Amino acid sequence: MKAGFAITCHQSKEHSPFGYELCYDTIESIISFVDCPYEIVIIDNESEGGPLTEDSFSFLSRDNVHYKYIEDQSILGMTGAWNLGMKML
């Protein structure tokens, strides 16, 4: 059996200036404390600056971490991001 974690994140000066930090800390905790096979899906809900890269977010290079950038969050909204994360697991 494998555990799955679907994480949505958003980084913007106005609404969530610490969005990437919170996402990073969440993933770091999962990696440090989960003691079973797992997959992590990160749904980036239209963060300022565009998609993350492996250079800026080292977890993206792991085989069990998957990343999807949503360019226009007004189309699906937050619920759509959660649903996409669950479908990717």
Side-chain angles (χ1 to χ4, degrees):
M1 185 198 277
K2 193 181 283 190
F5 300 90
I7 301 166
T8 58
C9 67
H10 175 79
Q11 172 82 28
S12 69
K13 291 177 187 174
E14 182 179 349
H15 299 291
S16 185
F18 303 106
Y20 285 151
E21 284 181 51
L22 295 171
C23 186
Y24 187 95
D25 290 347
T26 300
I27 295 167
E28 190 173 59
S29 292
I30 292 168
I31 291 169
S32 296
F33 296 108
V34 174
D35 192 25
C36 67
Y38 61 87
E39 296 283 324
I40 298 172
V41 173
I42 305 164
I43 305 298
D44 188 341
N45 217 359
E46 194 183 0
S47 291
E48 290 177 354
L52 291 170
T53 65
E54 287 183 19
D55 292 335
S56 63
F57 215 73
S58 61
F59 297 130
L60 298 180
S61 64
R62 297 175 66 103
D63 290 337
N64 61 341
V65 176
H66 313 285
Y67 176 77
K68 174 73 175 168
Y69 181 79
I70 297 174
E71 291 187 22
D72 184 355
Q73 67 176 316
S74 69
I75 295 171
L76 298 175
M78 186 62 153
T79 306
W82 291 330
N83 289 337
L84 180 59
M86 296 308 294
K87 288 177 184 176
M88 290 177 66
L89 284 173

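Computed from a predicted structure; not experimentally measured. Note that the numbering runs from 1 along the sequence shown for the chain.
When the options Val41, Ile43, Ile40, Leu60 are evaluated for a side chain to side chain contact (heavy atoms under 4.5 Å, CB included) with Tyr67, the one that passes is Leu60.
Residues Trp82 and Leu89 fall into different hydrophobic clusters, defined by Ile, Leu, Val, Met, Phe, Trp and Tyr side chains chained together at heavy-atom separations under 4.5 Å. Both Met88 and Ile70 belong to a common hydrophobic cluster when Ile, Leu, Val, Met, Phe, Trp and Tyr are linked at side-chain heavy-atom distances under 4.5 angstrom.
Formation of a donor-acceptor pair under 3.5 Å by the Gln73 side chain with backbone atoms of Glu46 is not found in this model. Remark: side-chain polar atoms of Ser56 are not paired, donor with acceptor, to backbone N or O of Leu52 under 3.5 angstrom. Checked by atom type and distance alone, the side chain of Gln11 pairs as donor or acceptor with a backbone atom of Gly19 at under 3.5 Å. Distance alone, capped at 3.5 Å, places no donor-acceptor pair between the Glu39 side chain and the Val65 backbone.
Atom-to-atom distance recorded for Met86:CE and Asn83:CG is 9.0 Å, nearest 0.5 angstrom. To the nearest 0.5 Å, atom CG of residue Asn64 and atom CD1 of residue Ile31 are 7.0 Å apart.
You'll find the side chain of Cys23 reaches within 4.5 Å of the side chain of Ile7, heavy atoms only. Looking at Phe5 and Val34, their side chains come closer than 4.5 Å, going by heavy atoms from C-beta outward.
In terms of heavy atoms, Asn45 sits closest to Ala81 at ND2-CB, 3.9 Å. Nearest heavy atom pair, residue Glu48 against residue Tyr20, reads O-OH, 4.4 Å. When every heavy atom of Tyr69 is checked against every heavy atom of Ser47, the shortest pair comes out as OH-O, 2.8 Å. When all heavy atoms of Ile42 and Cys9 are compared, the closest pair comes out as CG2-SG, 3.9 Å.
More than 12 heavy atoms of other shown residues, nucleotides or ligands fall within 6.0 angstrom of atom CE in Met78. In Asp35, the CG atom is not crowded: 12 or fewer heavy atoms of neighbouring residues, nucleotides or ligands sit closer than 6.0 Å.
A search for side-chain hydrogen bond (donor to acceptor under 3.5 Å, both in side chains) contacts involving Ser58 returns nothing, not counting sequence neighbours. Applying the side-chain hydrogen bond (donor to acceptor under 3.5 Å, both in side chains) test to Ser12 and every residue at least two apart in sequence or in another chain returns His10. With sequence neighbours left out, the side-chain hydrogen bond (donor to acceptor under 3.5 Å, both in side chains) criterion links Tyr24 to no other residue.
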